[in-house]
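Just so it is clear, the model here is predicted, and its values are computed rather than measured.
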Amino acid sequence: MRSLRSPFKELSDTDYSKFRKELLRVKGSDRQKQFLKIVRDTAAFLDHVSFIPTDGMDDPALAPERMTESEYKDPPASTEQTLYTSWDALTPAVACRSTFWAKLTIEHIRAGRIESVYLAANGGNLPGGAERVDFVLDDTTVQGPKRIDDCVRTVLRRLGGLPEVRGNRSVYVDCPFARAWWRERMVNQAANGNAEMAAVVRTVIRTNQTYWEKLIDRIVFRNSTFGSENIRNAFLRALAQFVQSNPASELTSSPGLQRFCRRAATYQGSRELSILSDGELDSLMGDIVSTT
């Protein structure tokens, strides 16, 4: 049970979880096929999800302008900054909820900012959501049921994350709106008003999708070292500055990032980092990253 109710509107946790569970019960089922046909039609999609009850009272702001499919799927840095500014009233307690982001994504569809079929887009040879849905629905091969299931899962991940499979990591990584908010929050915290620092932090955390996923995994979910905001901020500043000066460094790869995380955690095991000043942490993280 949640101890605090969100002031913002979100889908009912119980009902939305049941909706996802039933949809994913059988790969390639008629239910999944019908759902993808509905996703192909924005009006039908809005009608389909309108039966999921909602909680909360307030409507958060929407993106100020209509987004293209590519801009929604992988927003450029400027778009992520605009989205974060629109949602500056959010708290981490709300922003980690699949139910909140799913509701917000639905409202963007309702307002015409995005189309429901955008949710199915997943790169590869069929980058567009419409093309992908049409392809998997026409697929009569033995791989057909899995491709249909994969497409349904993509829709749910884009909508608000798929916590049944990957826990809350899916919210941070798979939902474009949530990912934009969390990335820009980290940038703003680490930069603390320094525009030049914000630019280099933003660049490194946007290296690629896998890099962002490993960063979230290591500094949010796995490693208690980064539970302290000042340690996490110093870590990101040191990483960003080193990569800026050494663009060919292995720290631009996921394995290099993970080594830096492990080394920082080792230092936490030998001394209490959270009591150090920001200047001391910056110096220490700078020393650690230069020897990683």
Side-chain angles (χ1 to χ4, degrees), residues 6 8 10 58-98 100-109 111-115 118-119 121 123 157-161 168-217 219-220 226 229-230 232-244 247 252 257 278:
S6 168
F8 294 107
E10 59 184 286
D58 299 334
D59 290 305
L62 301 182
E65 297 179 358
R66 179 178 172 84
M67 304 172 72
T68 65
E69 186 171 35
S70 60
E71 186 180 17
Y72 167 71
K73 183 175 65 174
D74 187 18
S78 58
T79 299
E80 290 196 339
Q81 291 175 67
T82 299
L83 293 174
Y84 181 77
T85 301
S86 299
W87 304 324
D88 61 356
L90 296 184
T91 63
V94 173
C96 68
R97 298 179 184 173
S98 175
F100 167 77
W101 292 109
K103 173 63 174 172
L104 183 59
T105 302
I106 289 168
E107 292 310 309
H108 277 79
I109 296 170
R113 299 296 196 275
I114 60 175
E115 300 293 331
Y118 291 4
L119 302 174
R157 288 188 175 106
R158 296 278 185 269
L159 189 60
N168 280 350
R169 289 174 180 79
S170 182
V171 176
Y172 291 74
V173 174
D174 297 325
C175 174
F177 287 153
R179 185 174 65 227
W181 190 89
W182 281 104
R183 283 210 282 226
E184 278 302 306
R185 181 174 188 267
M186 288 187 181
V187 168
N188 279 266
Q189 287 182 324
N192 194 27
N194 184 319
E196 291 184 4
M197 179 62 72
V200 295
V201 173
R202 185 175 292 116
T203 296
V204 75
I205 68 174
R206 289 174 53 85
T207 297
N208 55 53
Q209 179 76 350
T210 301
Y211 198 86
W212 168 248
E213 183 171 351
K214 292 300 181 184
L215 186 67
I216 286 297
D217 189 50
I219 74 173
V220 175
F226 302 105
E229 182 181 317
N230 59 342
R232 182 173 65 249
N233 290 342
F235 175 90
L236 289 173
R237 288 192 293 266
L239 174 65
Q241 290 175 312
F242 186 85
V243 168
Q244 182 188 41
T252 59
L257 171 66
D278 286 350

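Trp87 contributes a side-chain N or O that, together with a main-chain N or O of Ala61, makes up a donor-acceptor pair within less than 3.5 Å. Under a 3.5 Å cut-off, the side chain of Ser86 and the backbone N or O of Ala63 do not form any donor-acceptor pair. With hydrogens and angles disregarded, no donor-acceptor distance shorter than 3.5 Å links the side chain of Arg232 to the backbone of Ile219.
Within the structure, the side-chain hydrogen bond (donor to acceptor under 3.5 Å, both in side chains) test picks out the following pairs touching residues 234-244 (sequence neighbours left out): Arg237-Asp282. Residue pairs meeting the ring-ring contact (aromatic ring centres under 6.0 Å, His included) criterion with at least one partner in residues 58-82, sequence neighbours excluded, are Tyr72-Phe177. Every pair passing salt bridge (charged side-chain N to carboxylate O under 4.0 Å, His left out) that includes a residue from residues 184-199 is listed here, sequence neighbours excluded: Glu184-Arg202.
Listed here is the closest heavy atom pair of Glu10 and Lys103: CA-CB, 3.7 Å. Contact between Trp182 and Cys96 at its shortest, heavy atoms only, is CZ2-N, 4.0 Å. The two residues Glu80 and Pro75 make their nearest non-hydrogen contact at CG-CB, 3.8 Å. The shortest heavy-atom contact between Thr252 and Pro247 is CG2-O, 3.6 Å.
Partners of Ala199 under the side chain to side chain contact (heavy atoms under 4.5 Å, CB included) rule, at least two apart in sequence or in another chain, do not exist in this structure. Considering only residues two or more places apart in sequence or on other chains, Glu71 meets the salt bridge (charged side-chain N to carboxylate O under 4.0 Å, His left out) condition with none of them. Thr85 meets the side chain to side chain contact (heavy atoms under 4.5 Å, CB included) test with no other residue; sequence neighbours excluded. The salt bridge (charged side-chain N to carboxylate O under 4.0 Å, His left out) search around Glu229 returns none, not counting sequence neighbours. Taking Ser70 as the reference, Thr68 meet the side chain to side chain donor-acceptor pair (under 3.5 Å) condition, with sequence neighbours excluded. Residues passing the side chain to side chain contact (heavy atoms under 4.5 Å, CB included) test with Asn208 are Thr210, Tyr211, sequence neighbours excluded. Take Arg169 and apply the side chain to side chain donor-acceptor pair (under 3.5 Å) test, not counting sequence neighbours, and it matches Asp217. The side chain to side chain donor-acceptor pair (under 3.5 Å) check on Ser170 picks up Asp174, with sequence neighbours excluded. Residues forming a side chain to side chain donor-acceptor pair (under 3.5 Å) with Thr82 (at least two apart in sequence, or on another chain): none.
For the pair Val171/Arg97, no side-chain contact is recorded, criterion being any heavy-atom separation below 4.5 Å from C-beta on. Looking at Asn233 and Asn192, their side chains never come closer than 4.5 Å, going by heavy atoms from C-beta outward. Glu115 is listed as a side-chain neighbour of Arg66, based on a closest heavy-atom distance under 4.5 Å. Counting only heavy atoms from C-beta outward, the side chains of Thr105 and Ile114 approach each other to under 4.5 Å. At a threshold of 4.5 Å between non-hydrogen side-chain atoms, the residues Leu90 and Phe8 count as touching. You'll find the side chain of Ile106 reaches within 4.5 Å of the side chain of Leu159, heavy atoms only. In this structure, the side chains of Leu215 and Thr207 stay at 4.5 Å or more apart for every pair of heavy atoms. Side-chain atoms of Glu107 and Leu62, non-hydrogen and from C-beta on, do get closer than 4.5 Å to each other.
The aromatic rings of Trp181 and Tyr84 lie tilted to each other, with the angle between the two planes from 30° to 60°.
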Item to complete: Under the side-chain contact (heavy atoms from CB on, under 4.5 Å) rule, what do Ile205 and Trp212 come out as? Steps first, then yes or no, please.
Response: CA-CA 6 Å; Ile205 68 174; Trp212 168 248; 4.3 Å; yes

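Here Trp101 contributes atom CH2 and Arg179 contributes atom CZ; the two are 11.5 Å apart, rounded to the nearest 0.5 Å. Atoms CZ and CG, on Arg113 and Leu104 in that order, are 11.0 Å from each other to the nearest 0.5 Å. Taking CZ from Arg157 and SG from Cys175, the interatomic distance works out to 12.5 Å, rounded to the nearest 0.5 Å.
Residue Asp278 places its CG atom among more than 12 non-hydrogen atoms of other residues, nucleotides or ligands, all under 6.0 Å distant.
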